[in-house]
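None of these values were measured; they are calculated from a predicted model.
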Amino acid sequence: MPYWWEAAEPKSVPEAPVAERCDVAIIGAGYTGLSAAITLARAGRNVQIFDRQRPGEGASSRNGGITSGNIRIGLSAAIEKYGEAKGLALYREGVEARKDLQRFIHEEKLDCDFVLSGRFTGCISDDHYDIQARETDLLNRHLNIGGYVVPKEEQHKETGSAMYRGGVVRPDIGMLHPGKFVQEMIRVAVESGAILHGETPVTGFERVSDGYVIHTTRGKTVARDLIFAANGYIDGANKWLRRRIVPIPSCMIATEPLSPNLMKTLMPAGRGMGETRKLYRYFRPSPDGRRILLGGRSSMFGRSEAESGAHLLKGLIEMYPELSDTKISHSWNGLVAFSRSDIPLLFQRDGAHYTGGYCGSGVVWARWIGQKAALKILGSPEGASVFDCDPPPAVPFFNGRTWFLPAVLGWHGLLDKLGRGVVKA
Ligand SMILES: Cc1cc2nc3c(=O)[nH]c(=O)nc-3n(C[C@H](O)[C@H](O)[C@H](O)COP(=O)(O)OP(=O)(O)OC[C@H]3O[C@@H](n4cnc5c(N)ncnc54)[C@H](O)[C@@H]3O)c2cc1C
């Protein structure tokens with residue numbers, strides 16, 4: 001069970017009849033769907049959200065809660081690939097999205113343990129340190145984010161691990177309690193008038209003259225507009241989308257409570273942390289500062305939560321040998337979503353709105369992209385985004401079964417061993 005569920009387990013919601021008609025139907029009640037629902041319901045639209053699990057039970061209550069708003073490629077690579085104007089615009093929208101998340105939490109008074117803690121990324125080689133220094137300089141020059149490098153001699157202020165060759169701090173990134181955050185979004189969505197149907201799978205949909213008919217296990221509804229907000233949990237309800245979104249299992253563990261002295265030694269700055277690896281690992285203190293929570297893409301489909309957890313614990317002990325006798329109290333899995341694009345997706349197809357593909361960085365992006373999709377339906381110019389795109393191409397030879405995952409993860413592991421890793425701050 002996710003550690004987060006100790007304080008905020010997803011709840012069944014009272015069963016409401018599926019209305020025959022509504023303005024907007026949303027498939028998926030995570031950050032994306034709830035964000036869209038809040039914006040639409042507050043603008044007076046009649047909204048129904050469907051989730052096949054309990055609302056919030058997908059990635060939105062299972063993640064690390066690090067508000068990174070990462071883009072998979074660094075700023076220099078984004079400029080090289082998309083040109084200077086678009087590369088910078090992608091990163092600028094990231095700055096805006098992170099700020100807007102803070103505004104939302106503050107204005108709505110959401111009880112979700114948000115702290116603007118900053119994030120430290122440890123470099124696994126000297127080359128990575130040099131690259132990170134250049135990327136940080138570029139980010140500061142264009143976006144004024146106040147990032148700075150921490151040389152190896154100084155890194156004891158950031159981490160008790162001797163594994164890194166220095167690192168970089170991003171003060172604009174924080175942490176929240178993801179389980180509480182999604183519960184608070186559910187509360188705000190319902191208070192705003194959205195109708196939430198939990199444990200109600202959408203089984204199919206079809207285009208009609210005045211919108212879409214959406215079929216669910218509890219009846220059908222006709223909606224003028226439709227938003228897909230299922231991200232990594234997309235299933236056979238939309239076979240076209242399932243060939244374009246690749247769900248990747250991601251696993252997390254929480255340690256048993258550690259002594260305050262040990263926590264101070266291992267994580268002296270109390271920040272969210274990451275590494276310059278292809279097989280990215282991220283870790284953070286729990287909101288009460290007593291445990292370390294660590295996540296990574298080390299799990300495979302079919303691997304149990306306990307097996308994935310044992311694998312992650314091995315990595316944690318390599319990082320912090322002091323933890324060799326430490327037990328893990330929780331281990332859990334969830335699904336993140338990738339596509340053939342390296343940036344979040346926001347597009348329309350046959351009149352329906354599609355979102356997702358946040359590449360494991362959805363705490364900022366999912367809420368932002370959901371809001372953008374809603375603003376588009378409302379006809380607001382604020383719905384425009386640099387992430388607006390055409391429908392993405394299908395992933396070759398893929399129909400929802402990630403048969404290629406072991407090979408891809410193995411390749412990324414090899415690149416890490418060769419010190420190739422990632423190139424972004
Ligand atoms: C272990 C883990 C750690 C992560 N750590 C971080 C992090 O530290 N920082 C960060 O920024 N991001 C992180 N992420 C990513 C982040 O959690 C996701 O990007 C984000 O939660 C996506 O939100 P969403 O609303 O789009 O999707 P989800 O929250 O996954 O919701 C999708 C919902 O769609 C529903 N659904 C699917 N099909 C149907 C259907 N046919 N009918 C009805 N409902 C359906 C599912 O039941 C699910 O509840 C992590 C993810 C995982 C799994």
Side-chain angles (χ1 to χ4, degrees), residues 64-75 115-140 145-175 250-253 255 258 262-286 289 291-298 311-324 326 360-361 412-425:
I66 300 179
T67 61
S68 53
N70 266 349
I71 290 179
R72 219 168 127 207
I73 52 175
L75 177 55
V115 276
L116 190 56
S117 56
R119 184 193 64 189
F120 174 77
T121 302
C123 299
I124 60 166
S125 72
D126 291 335
D127 281 356
H128 284 194
Y129 180 76
D130 293 342
I131 293 167
Q132 292 283 322
R134 286 199 297 275
E135 284 288 313
T136 303
D137 184 48
L138 194 65
L139 281 170
N140 285 342
I145 54 156
Y148 56 93
V149 290
V150 181
K152 185 163 171 30
E153 315 73 74
E154 304 269 315
Q155 76 180 10
H156 59 273
K157 294 179 187 156
E158 296 292 334
T159 174
S161 175
M163 193 176 239
Y164 305 114
R165 317 289 302 172
V168 48
V169 171
R170 287 274 307 262
D172 55 332
I173 291 174
M175 300 184 290
S250 196
C251 172
M252 287 200 75
I253 53 172
T255 65
L258 305 173
L262 186 55
M263 283 300 288
K264 197 91 200 128
T265 310
L266 303 181
M267 295 188 139
R271 302 188 199 278
M273 321 260 281
E275 298 177 312
T276 58
R277 285 178 202 278
K278 277 268 185 202
L279 289 184
Y280 187 69
R281 291 186 300 203
Y282 47 93
F283 40 112
R284 57 167 288 177
S286 54
R291 302 167 192 255
I292 295 179
L293 275 53
L294 170 92
R297 306 237 191 292
S298 60
H311 184 79
L312 281 182
L313 179 62
K314 204 166 141 237
L316 184 64
I317 294 170
E318 272 164 29
M319 220 180 283
Y320 296 124
E322 296 91 329
L323 296 179
S324 57
T326 300
S361 243
H412 285 180
L414 181 65
L415 289 177
D416 285 338
K417 285 205 180 92
L418 297 173
R420 299 275 294 278
V422 289
V423 190
K424 66 177 179 202

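- Taking the side chain as every heavy atom from C-beta outward, I292 and P285 never approach each other to under 4.5 Å.
- From L313, atom CG reaches atom CG of L323 across 8.0 Å, with rounding to the nearest 0.5 Å.
- Side-chain contact check for T255 and T326: no donor-acceptor pair (N or O, by modelled atom type) lies under 3.5 Å.
- Contact of the M267 side chain with the T159 side chain is not registered, since no non-hydrogen atoms from C-beta on lie closer than 4.5 Å.
- For the pair D137 and R134, the minimum side-chain heavy-atom distance is 4.5 Å or more.
- Annotation: side chain of C123 is in contact with side chain of Q132 (closest heavy-atom distance under 4.5 Å).
- Contact of the L116 side chain with the I173 side chain is not registered, since no non-hydrogen atoms from C-beta on lie closer than 4.5 Å.
- Smallest separation of non-hydrogen atoms from S117 and G270: CB-O, 3.9 Å.
- Sorted by first and then second residue, the salt bridge (Lys or Arg N to Asp or Glu O under 4.0 Å) pairs with a member in residues 313-324 form an empty list; sequence neighbours excluded.
- Of the possible donor and acceptor atoms, none in the side chain of N70 sits under 3.5 Å from a partner among the backbone N and O of S361.
- A donor-acceptor pair under 3.5 Å is absent between the side-chain atoms of T121 and the main chain of G274, judged by distance alone.
- Atom CG in L312 sits 11.5 Å away from atom CZ in F283 (nearest 0.5 Å).
- Residues Y282 and L294 have side chains not in contact (no heavy-atom distance under 4.5 Å, counting atoms from C-beta outward).
- We find the CG-CE distance between L293 and M175 to be 10.0 Å, quoted to the nearest 0.5 Å.
- Looking only at distances, a side-chain donor or acceptor of H128 sits under 3.5 Å from a matching main-chain atom of T276.
- A donor-acceptor distance shorter than 3.5 angstrom exists from the side chain of N140 to the backbone of G146, with no hydrogens or angles considered.
- Contact record, L139 with R170: CD1-NH1, 3.8 Å, taken as the closest heavy-atom pair.
- Side-chain contact between I124 and R277: present, with at least one pair of heavy atoms (C-beta onward) separated by less than 4.5 Å.
- To the nearest 0.5 Å, atom CZ of residue R271 and atom CE of residue M273 are 9.5 Å apart.
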Just distance, no hydrogens or angles: give the donor-acceptor pairs under 3.5 Å from side chains in residues 160-169, sequence neighbours left out.
unit_1	atom_1	unit_2	atom_2	d
S161	OG	M163	N	3.1
S161	OG	M319	O	2.9
Y164	OH	E275	OE2	2.6
R165	NE	D126	OD1	3.0

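- Counting only heavy atoms from C-beta outward, the side chains of V150 and F120 approach each other to under 4.5 Å.
- The two residues P268 and E158 have their closest heavy-atom pair at CD-O, 3.4 Å.
- Not one N or O on the side chain of R291 forms a donor-acceptor pair closer than 3.5 Å with the backbone of S286.
- Enclosure of atom NZ in K264 is not indicated, since only 12 or fewer non-hydrogen atoms of other residues, nucleotides or ligands lie within 6.0 angstrom.
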